[in-house]
Each structure stands twice: as structure tokens, then as C-alpha cells.
Amino acid sequence: MPELPEVETVRRGLAPVLEGARIVRADIRRANLRWPFPPNMAARLQGARVIALRRRSKYLLGDLDTGESLLIHLGMSGRILIATAGAAHVPPGKHDHVVLDLMGGARITYNDPRRFGAMDLMPTEAAPTHRLLAGLGPEPLGNGLNTPYLADKLAGRRTSIKAALLDQRIIAGLGNIYVCEALYRAGIAPQRAAGSLSAAEVDTLVPLIRRVLDEAISAGGSSLRDYRQADGNLGYFQHAFRVYGREGEACVTPGCAGIIQRIVQSGRSTFYCPRCQS
DNA sequence: CTTACGGCCTGTACGC
DNA sequence: TGCGTACAGGCCGTAA
């Protein structure tokens, strides 16, 4: 589930439940996800009130009134399930690794079959220098991403533009899907060397990255209600993808007779239209 | 320094 | 029905 729009969608769904709420019980059901949980995690969460739920790149940060922040990453397969106050609480399932009970009766469950996700605790003021956050590039929806910045970062790079946009040190939060979608909209072939983009192409690309993410967040918002209905099965916006997962299908650009291709770049699938993108 | 790749885990879809 | 293979939205450590 997790690229930036999905994480932001989770944040927006979770914030009304979590912000202002006190954690009355933390059930840590295994010792680790991708890495070991921090020492005494349950005790450090129990009794804490959540002041704010923020997002940085694909990470969620819950600021607690204890002075610490809870960092959550969803990895490839992480989900957060919300059972609102009054809902019947079913026993935790196989991949329910962390369960937080809130004062008032709501329950937050972190579920992650592949366990590529992560959780950690740190002093709130130390969050920006946390090892997972320190090296991240600017937020793509913030002012830090602009044409001069991106042009500078891409200059001289021989790696593909696809790989460069996936590099979290250049832009934080883009993943495989939205890189494919943004390059398609910009008409830029994913195999192009990052440093070969013209200033005009970078100037085209930057607002399209933002637009794809904005549209995805808007679409994600519409499925929030389903998300809260507990079983976590989200359709999300596959229907909005123009190239991702569409290998062999006709290009949706009017008048284009192209067929969407799938290639593998640095071990990841790339989808693109060989006629529209050059 | 940049770039490429293996590995982490489990689940699912598909071909035989 | 069962088995093997490929693949999946991320990211780190290592090596060249």
C-alpha cells in the first residue's frame, strides 16, 4: 500500500482517531518487524497521549506527550486497521503485530504480512536526525521540490530517470507506481539517463509529479470509509493508473496507437508507452 | 563518489 | 490438487 499518497491517506484517516487520544494499552505481539522494536516499547507507549500525527515521506510520526515520537513505516504490505469505539474487537490475527487500545474504546492495529515495515521511538526533537529520516530529500508536495533543485540533482547522473526519481535522497516519498505515472504524463522515457533531461523537461516533470500525487491523495480519501470498515481491503485507485499494471493495453492518450510495455529496471517493473514517452 | 544487486519476508497468481 | 516459479506499492548493506 505504501507510497506517499497511501501513507498520507492513512494519516488522514488515523489522525481524527489518534490525535488527542491516550493509549491505555499497547500489545506488542512480536519482538521486531524489519528491525527489533525499541526497548520497552509497550511501556513507553502505555499511558501516552498522542498530540499530533505527522507524515514525512512514507513515514508516519506520532508525537506523544511523553516527549517521544512513534515512527511507523508500512513497508510493502503494512496496513493500519481502525476499530472505532463501540466496535466489537475481534482477536488479533496472524499478522497483527501491534495493537493499541485507546481511552474511550477505539483500537488501532498494525498488520504487516511481509514485515518489511518498521517502528521506532525517539525524542520528538531528534526525529529529523533519526537514521531513517536524516537522508531524505524534500517533500514532493512542498516548496523544496522545484525545477532548479531537481535539475541540479539530476545533472551529471548516468542512472536512469526512473531510478533517480525512486531515490529517496532526491525526492522523498515517490515509489514505483507514481514514478511510472509521472514520467508517462511528462512524456519522458524511463530509460533516459537522468542527466540527459533538458531544462524544459525537468520543468514539465516537476508539476506533473505534484499533480499525480495530489490526484492520488484525493482518490485515496474517497476510499477512507472502506478502510475504516475494518477488514482493510482497499481498492484504492488502480482505475486511475494510466500505465502502471497495464502491460499490453492500449495507451490512453487520445490518438496514440501505442501499447503499454513492461520492462525491468534495477529489479523493479517499469510501465511506459514507447510512443508517448521519448 | 555513483551505481547495481542481493536480501529481507509472506502471499498470491499462474503454468504445468 | 499439488508443485514450482515469478512477482509484489520499500529500503538497506555491500561491492564494484
Side-chain angles (χ1 to χ4, degrees), chain A residues 1-11 29-37 55-60 71-80 93-97 110-120 130-137 140 152-184 190-196 209 212-213 215-217 219-220 223 227 231-248 261-271:
Chain A
M1 138 161 8
E3 291 186 38
L4 187 153
E6 288 71 34
V7 176
E8 177 62 19
T9 297
V10 169
R11 192 196 67 77
R29 303 177 51 73
R30 55 176 298 123
N32 65 296
L33 289 170
R34 181 167 181 177
W35 297 288
F37 288 133
R55 179 189 59 74
R56 171 74 171 108
S57 185
K58 302 169 193 174
Y59 297 88
L60 292 170
L71 177 144
I72 302 173
H73 194 271
L74 299 173
M76 295 269 270
S77 56
R79 299 169 186 275
I80 291 180
K94 186 178 176 187
H95 302 301
D96 292 342
H97 306 308
Y110 180 95
N111 174 285
D112 185 4
R114 290 176 72 183
R115 306 204 304 270
F116 284 1
M119 284 195 201
D120 203 1
H130 188 277
R131 68 181 184 91
L132 295 172
L133 305 182
L136 293 173
D152 177 65
K153 286 295 180 183
L154 299 181
R157 290 238 177 188
R158 299 223 289 256
T159 193
S160 67
I161 183 62
K162 163 83 186 308
L165 294 179
L166 278 176
D167 186 338
Q168 302 298 296
R169 296 167 298 188
I170 297 179
I171 303 175
L174 290 183
N176 204 34
I177 291 176
Y178 295 106
V179 167
C180 290
E181 295 293 321
L183 286 173
Y184 170 76
Q191 313 85 326
R192 291 265 306 279
S196 76
I209 290 170
V212 168
L213 296 176
E215 288 178 8
I217 290 170
S223 54
Y227 194 72
D231 70 347
N233 271 329
L234 271 209
Y236 271 78
F237 22 38
Q238 300 91 308
H239 56 277
F241 299 159
R242 297 186 189 174
V243 287
Y244 190 84
R246 291 183 175 272
E247 181 182 18
Q261 307 291 310
R262 184 180 82 94
I263 59 174
V264 175
Q265 293 182 284
S266 39
R268 317 281 310 270
S269 288
T270 300
F271 298 87

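Remember, predicted model here, so these are calculated numbers, not experimental data. In what follows, every chain begins at residue 1, and chains take the letters A, B, ... in the order their sequences are listed.
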- Message: Counting only Watson-Crick pairs (N1-N3 plus N6-O4 or O6-N4) and G-U wobbles (N1-O2, O6-N3), all under 3.5 Å, who is the partner of B/dC9?
- Response: none
- What is the distance from CZ of A/Arg79 to P of B/dT10, rounded to the nearest Å? 17 Å
- Message: Applying a 4.0 Å non-hydrogen cut-off, can you work out what A/Gly175 is touching in the nucleic acid: base, sugar-phosphate, or nothing?
- Response: sugar-phosphate
- Tell which nucleotide pairs with C/dG9, taking only Watson-Crick or G-U wobble pairs whose two distances are both under 3.5 angstrom. none
- Message: Under a 3.5 Å distance rule, please check whether A/Gln168 uses its side chain to pair with a backbone N or O of A/Leu174 as donor and acceptor.
- Response: yes
- Query: Mind checking whether A/Tyr110 and A/His97 have parallel, tilted or perpendicular rings, split at 30° and 60°?
  - Reply: tilted
- A/Tyr178 vs A/Phe241 aromatic rings, parallel, tilted or perpendicular, using cut-offs 30° and 60°? perpendicular
- Message: Do A/Val179 and A/Ile161 have side chains that approach each other closer than 4.5 Å (heavy atoms only, starting at C-beta)?
- Response: no
- N/O donor-acceptor pair, side chain A/Arg114 with base B/dC9, under 3.5 angstrom: yes
- Message: Roughly how many Å apart are C/dT14 and B/dC9, using the P atom of each and rounding to a whole number?
- Response: 16 Å
- Message: Does B/dG11 have OP1 or OP2 under 4.0 Å away from a side-chain N or O of A/His95?
- Response: yes
- Message: Check the phosphate of C/dG9 against A/Tyr178, side-chain N and O only, distance under 4.0 Å to OP1 or OP2. Yes or no?
- Response: no
- Query: Hey, does A/Asp120 have a side-chain heavy atom less than 4.5 Å from the side chain of A/Trp35?
  - Reply: no
- CG of A/Asn32 versus P of B/dC8: gap in Å, rounded? 14 Å
- C/dC7 OP1/OP2 closer than 4.0 Å to side-chain N/O of A/Arg262: yes
- Message: Ring centres within less than 5.5 Å and planes less than 30° apart: is that true of A/Phe116 and B/dC8 in this structure?
- Response: yes
- Query: Using a cut-off of less than 4.0 Å, is there contact between a side-chain N or O of A/His73 and OP1 or OP2 of C/dG10?
  - Reply: no
- Counting any heavy atom closer than 4.0 Å, what does A/Leu166 reach on the DNA or RNA strands: base, sugar-phosphate only, or nothing? nothing
- Closer than 4.0 Å, any side-chain N/O of A/Lys58 to the OP1 or OP2 of C/dG10? yes
- Please report, rounded to the nearest Å, how far the C1' atom of C/dC12 is from the CE atom of A/Met76. 14 Å
